[in-house]
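Below is one structure, written out as structure tokens; comments come after it.
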Amino acid sequence: MRLKTFLWFDSQAEEAVERYTKVFPASRVLHRQRGADGRVTTVTFEVAGQRMVAYNGGLRRDFTPAISLYVECDTQQDIDTAWAGLVAGGKEGPGGSLTDRYGVTWQIVPRTLHTILADAEPDVAERILSALHLMNKISIQGLIDAGARASVGRALDRPGPERRWQTQ
């Protein structure tokens, strides 16, 4: 058994696949199925090692943001590259989400997000998530800065020898 993502397009499957395989490294078209008229009906492809199928189904089926393709990026440059390649002709959304020109929603997030949040105190994690939700394209440094501001704020709120002399 194998799980694949299936994307139903009106007629832009091949165009979308060409874009996706250019944006992501280690991506390729595996097979193009053509109908009797010679037009492409189905494209099987890999995006960053994930096998997918794009289908020209004709009958307009709209994608919904309730399901999205989730991309974990190693660096800010990876985020910037994926974002630029996918958002062109589409629209930005909050918290690292975007909808491409074909209506597919993508989440472009740093792989380090999980680590940053897992290692953070609850109030720091809340500050980081608040900052994330105010961003469109995610800035790794912006998340780190939000966490640092929360940590500094918490340290200033704690009574300690250096804090006591300021309040006397």
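The residues of the chain are indexed from 1 along the displayed sequence.
- Here the rule is side chain to side chain contact (heavy atoms under 4.5 Å, CB included) with I140, and of T75, I79, D145 only I79 fits it.
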From CA spacing to verdict: side-chain contact (heavy atoms from CB on, under 4.5 Å), V43, Y20: CA-CA 12 Å; V43 183; Y20 301 158; over 6 Å; no
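- What you find for L30 and E46 is that their closest heavy atoms are CD1-CG, 3.7 Å.
- A pairwise comparison of heavy atoms in L132 and I138 identifies CD1-CD1, 3.7 Å as the closest pair.
- Ring pair Y55/F6 is tilted by interplanar angle, where 30° to 60° counts as tilted.
- Annotation: side chain of W83 is not in contact with side chain of V71 (no heavy-atom distance under 4.5 Å).
- Note on V53: it does not cluster hydrophobically with V47, by side-chain heavy-atom contacts below 4.5 Å among ILVMFWY residues.
- Counting heavy atoms from C-beta on, the side chains of H31 and T42 never come closer than 4.5 Å.
- No more than 12 heavy-atom neighbours from other residues, nucleotides or ligands sit within 6.0 angstrom of CD on E126.
- Hydrophobic clustering keeps V29 apart from W8 (ILVMFWY residues linked when any side-chain heavy atoms are closer than 4.5 Å, directly or through intermediates).
- Nearest approach of I108 to C73, heavy atoms of both residues: CG2-SG, 3.8 Å.
- A pairwise comparison of heavy atoms in Q107 and S68 identifies CG-OG, 3.2 Å as the closest pair.
- Two residues are said to be in side-chain contact when any heavy atoms from C-beta on lie closer than 4.5 Å; Q76 and Q141 fail this criterion.
- Here the NZ-OG1 distance, from K22 to T81, works out to 15.5 Å after rounding to the nearest 0.5 Å.
- Using a 4.5 Å cut-off on side-chain heavy atoms (C-beta onward), L69 and M52 make contact.
- Counting heavy-atom neighbours within 6.0 Å of R34 CZ, excluding the residue itself, gives a total above 12.
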May I have the step-by-step check of side-chain contact (heavy atoms from CB on, under 4.5 Å) for V87 and N136, ending in yes or no? CA-CA 11 Å; V87 79; N136 291 102; over 6 Å; no
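- When every heavy atom of A125 is checked against every heavy atom of A120, the shortest pair comes out as N-CB, 3.8 Å.
- Proximity of F63 to T105: side-chain heavy atoms (C-beta onward) are nowhere separated by under 4.5 Å.
- Taking OG of S97 as the start and NZ of K91 as the end, the distance is 9.5 Å to the nearest 0.5 Å.
- Closest of all the heavy-atom pairs between N56 and Q12 is OD1-N, 3.2 Å.
- Ring geometry for Y102 versus F9: interplanar angle over 60°, hence perpendicular rather than tilted (30 to 60°).
- Going from atom CD of E121 over to atom CG of D119 covers 10.0 Å, rounded to the nearest 0.5 Å.
- Under the 30°/60° scheme for interplanar angles, the aromatic rings of Y70 and H114 are found to be tilted.
- Interatomic distance, T44 OG1 to Q33 CD, rounded to the nearest 0.5 Å: 8.5 Å.
- Between L86 atom CG and E92 atom CD the span is 12.0 Å, to the nearest 0.5 Å.
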